Amino acid sequence: MYTQRTLKRSGAVTVELAIVLPIIFGVLFSSIDFSRANMIRNTVDNAAFEAARFATIPGATEAEITAKAQEVLDVLSLVDAQIVVIPAVITDESEQVTVQISVDLGKNLYAASQMLSGKMIVRSFTLTREQFAVELLQ
């Protein structure tokens with residue numbers, strides 16, 4: 001039934017599996033982390049845009065703009081996001097509003113790979129505020 005050649009190779013499959021399995025898991029976890037990093041990047045882009053768009057409406061405050069950005073970031077359960085609204089106090093004379101969002105990848109990845117830990121995703125979006133005469137509407 002078993003030949004001499006088969007008996008000599010009985011541990012070969014175990015050794016090959018021990019060599020190949022860590023590589024397969026490394027590729028799997030890396031692809032998951034890079035996919036998550038791409039999702040975070042797209043979500044931060046979208047949050048900066050949505051918050052800046054909300055900031056163009058007359059009467060918007062920094063707290064409301066920050067809440068709007070955080071609402072979009074909460075979709076992915078991102079933690080420790082830093083949201084900065086420039087200018088901090090929005091007046092009728094403010095021509096543009098910039099929303100800048102920074103997210104630390106190391107705190108938001110599933111496996112926190114060595115290649116991406118400590119990296120920050122920083123996105124900002126600037127829009128011109130809507131300027132119109134309120135007196136003309138009344």
Side-chain angles (χ1 to χ4, degrees):
M1 223 190 257
Y2 290 110
T3 63
Q4 186 66 21
R5 185 173 181 188
T6 306
L7 291 175
K8 287 182 182 178
R9 294 191 39 88
S10 62
V13 172
T14 305
V15 172
E16 290 170 2
L17 184 66
I19 292 171
V20 173
L21 204 57
I23 295 170
I24 290 173
F25 279 126
V27 169
L28 176 69
F29 289 133
S30 295
S31 64
I32 290 171
D33 257 3
F34 280 107
S35 296
R36 172 82 173 165
N38 191 36
M39 285 179 11
I40 291 171
R41 183 182 57 85
N42 287 330
T43 301
V44 171
D45 276 341
N46 190 33
F49 171 73
E50 290 294 331
R53 193 172 134 217
F54 183 79
T56 62
I57 299 170
T61 64
E62 180 187 13
E64 292 172 335
I65 296 166
T66 303
K68 185 69 172 176
Q70 190 62 50
E71 179 183 320
V72 176
L73 295 174
D74 286 343
V75 171
L76 287 185
S77 302
L78 299 179
V79 296
D80 293 338
Q82 299 168 350
I83 303 167
V84 178
V85 180
I86 303 168
V89 178
I90 301 169
T91 63
D92 290 337
E93 288 78 34
S94 302
E95 291 184 17
Q96 292 183 331
V97 176
T98 300
V99 177
Q100 180 177 339
I101 302 176
S102 304
V103 175
D104 184 8
L105 282 178
K107 296 179 182 178
N108 290 291
L109 294 177
Y110 295 132
S113 69
Q114 295 297 321
M115 293 172 59
L116 297 177
S117 65
K119 304 288 185 199
M120 297 286 289
I121 291 182
V122 180
R123 293 289 187 255
S124 66
F125 211 92
T126 303
L127 286 178
T128 303
R129 291 192 67 240
E130 294 178 5
Q131 302 291 329
F132 58 88
V134 178
E135 308 87 46
L136 297 176
L137 297 177
Q138 295 176 351

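These numbers were taken from a predicted model, which means no experiment stands behind them.
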**Report entry** Within one Ile-Leu-Val-Met-Phe-Trp-Tyr cluster: I86 and V89, side-chain cutoff 4.5 Å
**Finding:** no

Query raised in the report: In Å, rounded to the nearest 0.5 Å, how long is the span from CD1 of I83 to NZ of K68?
Result: 12.5 Å

Report task. Check whether V13 and V20 end up in the same hydrophobic cluster, where Ile, Leu, Val, Met, Phe, Trp and Tyr are linked by side-chain heavy atoms less than 4.5 Å apart. Result -> no

Requested in this report: Answer with yes or no whether the hydrophobic clustering places L109 together with M39; edges join I, L, V, M, F, W, Y residues whose side-chain heavy atoms lie under 4.5 Å apart.
Outcome: yes

Requested in this report: For I101 and V103, work out which heavy atoms get closest and say how close.
Outcome: CG2-CG2, 4.2 Å

Query raised in the report: Given the rule that I, L, V, M, F, W and Y join up when any side-chain heavy atoms are under 4.5 Å apart, are V27 and I19 in one cluster?
Result: no

Report task. Report yes if some heavy atom in the side chain of F29 is under 4.5 Å from a heavy atom in the side chain of D33; otherwise report no. Result -> no

Query - Flag side-chain contact, heavy atom, 4.5 Å: I90 against T61 - result: no

Report task. Would you name the heavy atoms of A37 and I121 that are closest together and state the gap between them? Result -> O-CD1, 3.9 Å

Query raised in the report: Do other residues, nucleotides or ligands put more than 12 heavy atoms under 6.0 Å from the CZ atom of R123?
Result: yes

Report summary line: Note: Q96 and T126 closest approach over all heavy atoms is OE1-CG2, 3.8 Å

Report task. Give the minimum heavy-atom separation between R36 and L76, together with the two atoms involved. Result -> NH2-O, 3.2 Å

Report summary line: So CG of N108 and CG of D104: to nearest 0.5 Å the spacing works out to 7.0 Å

Query raised in the report: Is there any ring-ring contact (aromatic ring centres under 6.0 Å, His included) pair reaching into residues 65-106, and which pairs are they, with sequence neighbours excluded?
Result: none

Query raised in the report: Closest heavy-atom contact between L73 and A47?
Result: CD2-CB, 3.8 Å

Query raised in the report: Can you check whether N46 reaches V75 side chain to side chain, under 4.5 Å on heavy atoms?
Result: no

Requested in this report: Indicate yes or no: at least one non-hydrogen side-chain atom of L127 is less than 4.5 angstrom from one of V97.
Outcome: no

Report summary line: Across all chains, not counting sequence neighbours, the side chain to side chain donor-acceptor pair (under 3.5 Å) partners of K119 are none

Query raised in the report: Is a side-chain N or O of S94 found less than 3.5 angstrom from the main chain of T91, in a donor-acceptor match?
Result: yes

**Report entry** Connected via hydrophobic side-chain network under 4.5 Å: F125 and V84
**Finding:** no

Query - Heavy-atom side-chain contact between T43 and V72 under 4.5 Å - result: yes

